Q: 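A single structure is presented below for examination.
All values reported here derive from a predicted model rather than from experimental measurement.
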Amino acid sequence: MTDETGAQLTKAQHIAAELKAAIERGDYGPGDRLPGENVLAAQHSVATLTARRALKILRTEGLIETKKGAGARVISFQPIRRRGIQRLARDQWGSGKTVWSADDHRAPDVDQITVLEDTPPPQHISDVLELAPGETVCVRSRRYVMEGRPVMTAESYLPQSLVAGSPITQADTGPGGIYARLADLGHAPAHFREEIRVRMPSAEEAVRLALPADRTVIKLARTAFDSEGRAVEINEMTMDSAAYVLDYEFDA
């Protein structure tokens with residue numbers, strides 16, 4: 001048994017690949033229950049443990065959810081299509097819209113938010129923001145939930161000297177969010193840089209995002225620069241990799 005690259009598949013991987021193909025064909029729709037471990041083991045002449053491993057593969061990929069006593073069901077959640085270019089356009093946040101309105105018809109809820117002022121920054125944050133020794137930051141920490149499912153956590157770091165006394169230090173920053181308020185302060189973002197990598201979650205990240213410990217997270221760090229080239233915000237995001245499609249569309 002091999003995959004499309006010719007690599008040898010284990011029995012569990014082969015069963016998982018067949019089930020994934022069936023889900024993609026529509027044989028099993030959102031919310032449908034998959035065959036149980038014993039049924040899969042009998043169908044494929046394998047041990048129950050092998051069938052269990054196959055289902056675990058699908059759960060790790062975010063295709064199914066398993067609950068004790070309820071078996072495995074196809075997840076009904078549709079991944080968020082995150083449109084990385086459109087969401088950061090000035091006519092988006094500059095007109096009072098949220099960046100999320102550029103993605104799809106759904107908007108997440110923020111179920112956890114803390115704002116800490118005069119916080120000593122991590123060294124890499126201090127370096128990018130070019131802070132002087134002893135300078136502090138305002139840290140905005142949020143957790144985003146879509147359809148009852150945690151999908152992302154985010155920490156924004158902004159120079160305290162820049163945002164002190166502004167709505168950025170409040171839980172609700174108002175229409176257009178942080179970037180509109182930076183514009184009010186004369187430091188509207190004029191340029192963005194995003195860095196993306198994928199890794200396994202820390203124990204804390206897995207808990208906050210309610211993830212299986214073996215599912216990867218997307219780590220996205222975005223830096224906003226004003227027209228003078230000064231870094232005015234760093235937003236470090238941790239995303240459930242099964243909850244997102246990163247979509248970048250731009251002219252050649």
Side-chain angles (χ1 to χ4, degrees), residues 1-5 7-21 23-24 34 37 49-68 72-84 87 100 103 108-114 121-128 139-157 193-223 234-248:
M1 295 176 287
T2 60
D3 63 11
E4 63 273 10
T5 68
Q8 192 72 24
L9 296 177
T10 66
K11 292 179 179 179
Q13 289 172 328
H14 176 70
I15 296 170
E18 286 194 356
L19 289 171
K20 182 177 181 179
I23 292 170
E24 291 174 344
L34 295 183
E37 297 172 2
L49 179 60
T50 300
R52 185 176 305 156
R53 287 172 178 163
L55 292 174
K56 183 179 179 181
I57 291 170
L58 297 182
R59 181 170 179 261
T60 298
E61 292 185 12
L63 294 175
I64 66 170
E65 57 185 355
T66 55
K67 294 182 180 179
K68 191 172 182 179
R73 295 184 183 276
V74 178
I75 283 180
S76 57
F77 183 86
Q78 293 298 310
I80 303 162
R81 185 164 291 276
R82 181 186 184 278
R83 296 185 170 91
R87 72 199 321 265
W100 294 90
D103 293 342
D109 296 314
V110 178
D111 75 332
Q112 297 175 4
I113 181 167
T114 59
Q123 188 60 50
H124 71 284
I125 296 294
S126 182
D127 290 343
V128 174
V139 186
R140 297 179 54 85
S141 178
R142 295 88 75 200
R143 186 175 79 161
Y144 295 88
V145 176
M146 181 78 80
E147 299 172 4
R149 169 178 172 168
V151 294
M152 183 178 81
T153 61
E155 283 74 44
S156 289
Y157 299 86
R193 180 181 68 223
E194 289 192 341
E195 300 174 349
I196 301 170
R197 57 195 174 97
V198 177
R199 63 161 171 76
M200 302 306 295
S202 67
E204 180 184 2
E205 289 166 344
V207 169
R208 286 196 73 192
L209 290 172
L211 296 177
D214 52 0
R215 181 184 299 164
T216 57
V217 291
I218 300 170
K219 298 291 293 186
L220 193 154
R222 179 173 67 235
T223 306
I234 300 171
N235 189 353
E236 295 189 334
M237 292 159 267
T238 304
M239 305 174 178
D240 177 353
S241 61
Y244 281 91
V245 174
L246 304 186
D247 185 331
Y248 292 90

Q: Evaluate salt bridge (Lys or Arg N to Asp or Glu O under 4.0 Å) for E205 paired with K219, printing each intermediate quantity in order.
A: CA-CA 11 Å; E205 289 166 344; K219 298 291 293 186; 3.1 Å; yes
Q: Testing the basics here: between A210 and P150, what is the closest heavy-atom pair and its distance to 0.1 Å?
A: CB-CG, 4.3 Å
Q: Are the side chain of R73 and the backbone of E65 linked by a donor-acceptor contact shorter than 3.5 Å?
A: no
Q: Have a look at S156 and tell me which of R142, R140, E236 forms a side chain to side chain donor-acceptor pair (under 3.5 Å) with it.
A: R142
Q: When rounded to the nearest 0.5 angstrom, what distance separates CG in L58 from CD1 in I23?
A: 5.5 Å
Q: Hey, are the side chains of P108 and V145 touching, using non-hydrogen atoms and a 4.5 Å cut-off?
A: no
Q: Do you know the tightest heavy-atom contact between G62 and A242?
A: CA-CB, 3.7 Å
Q: If you round to the nearest 0.5 Å, how far is CG of L209 from CD of E204?
A: 10.0 Å
Q: So that I can tick it off, tell me whether E194 and R82 are bridged by a salt bridge, with the cut-off set at under 4.0 angstrom between side-chain N and carboxylate O.
A: yes
Q: Within the 4.5 Å heavy-atom criterion, are M152 and Y244 side-chain neighbours or not?
A: yes
Q: If only atom types and distance count, is the side chain of T60 paired as donor or acceptor with the main-chain N or O of K56 below 3.5 Å?
A: yes
Q: If only atom types and distance count, is the side chain of Q13 paired as donor or acceptor with the main-chain N or O of T10 below 3.5 Å?
A: yes
Q: Does the distance from a Lys or Arg side-chain N to an Asp or Glu carboxylate O, for R59 and E61, drop under 4.0 Å?
A: no
Q: Could you check if a side-chain atom of L63 sits within less than 4.5 angstrom of a side-chain atom of K20, using non-hydrogen atoms only?
A: yes
Q: List the residues meeting salt bridge (charged side-chain N to carboxylate O under 4.0 Å, His left out) with R53, not counting sequence neighbours, and say none if there are none.
A: none
Q: Should I218 and I196 be marked as a side-chain contact (heavy atoms from CB on, under 4.5 Å) after you check the CA-CA gap, both sets of side-chain angles, and the distance that decides it?
A: CA-CA 7 Å; I218 300 170; I196 301 170; 3.9 Å; yes
Q: Do H124 and V128 have side chains that approach each other closer than 4.5 Å (heavy atoms only, starting at C-beta)?
A: no
Q: To check you understand the geometry: which heavy-atom pair defines the closest contact between P201 and A206, and what is its length?
A: CB-N, 4.1 Å
Q: Evaluate the criterion side-chain contact (heavy atoms from CB on, under 4.5 Å) for residue pair N235 and Y157; output intermediate values, then yes/no.
A: CA-CA 6 Å; N235 189 353; Y157 299 86; over 6 Å; no
Q: Does a salt bridge link R52 with E37, judged by any charged N lying under 4.0 Å from a carboxylate O?
A: yes
Q: Any chance you could lay out the salt bridge (Lys or Arg N to Asp or Glu O under 4.0 Å) test for E195 and R193, step after step, and finish with the verdict?
A: CA-CA 7 Å; E195 300 174 349; R193 180 181 68 223; 3.6 Å; yes
Q: Between D240 and R149, does at least one N-O distance fall below 4.0 Å, as a salt bridge requires?
A: yes
Q: Go through the steps for F77 and V74 under the test side-chain contact (heavy atoms from CB on, under 4.5 Å), then give the verdict.
A: CA-CA 9 Å; F77 183 86; V74 178; over 6 Å; no
Q: Check whether T223 reaches the backbone of I234 with its side chain - one donor and one acceptor, N or O, closer than 3.5 Å.
A: no
Q: What verdict does the side-chain contact (heavy atoms from CB on, under 4.5 Å) test give for M200 and V217, after you've listed the backbone C-alpha separation in whole Å, the side-chain angles of each residue and the deciding distance to 0.1 Å?
A: CA-CA 6 Å; M200 302 306 295; V217 291; over 6 Å; no
Q: Output yes when R208 and E155 qualify as a salt bridge under the 4.0 Å nitrogen-oxygen rule, no when they do not.
A: yes
Q: With a 4.5 Å heavy-atom cut-off, do M239 and V151 have their side chains touching?
A: no
Q: If I take atom CG from residue L55 and atom OG1 from residue T50, how far apart are they, to the nearest 0.5 angstrom?
A: 11.0 Å
Q: I want to check something: taking the side chain as every heavy atom from C-beta on, are Y144 and Q112 in contact at a cut-off of under 4.5 Å?
A: no
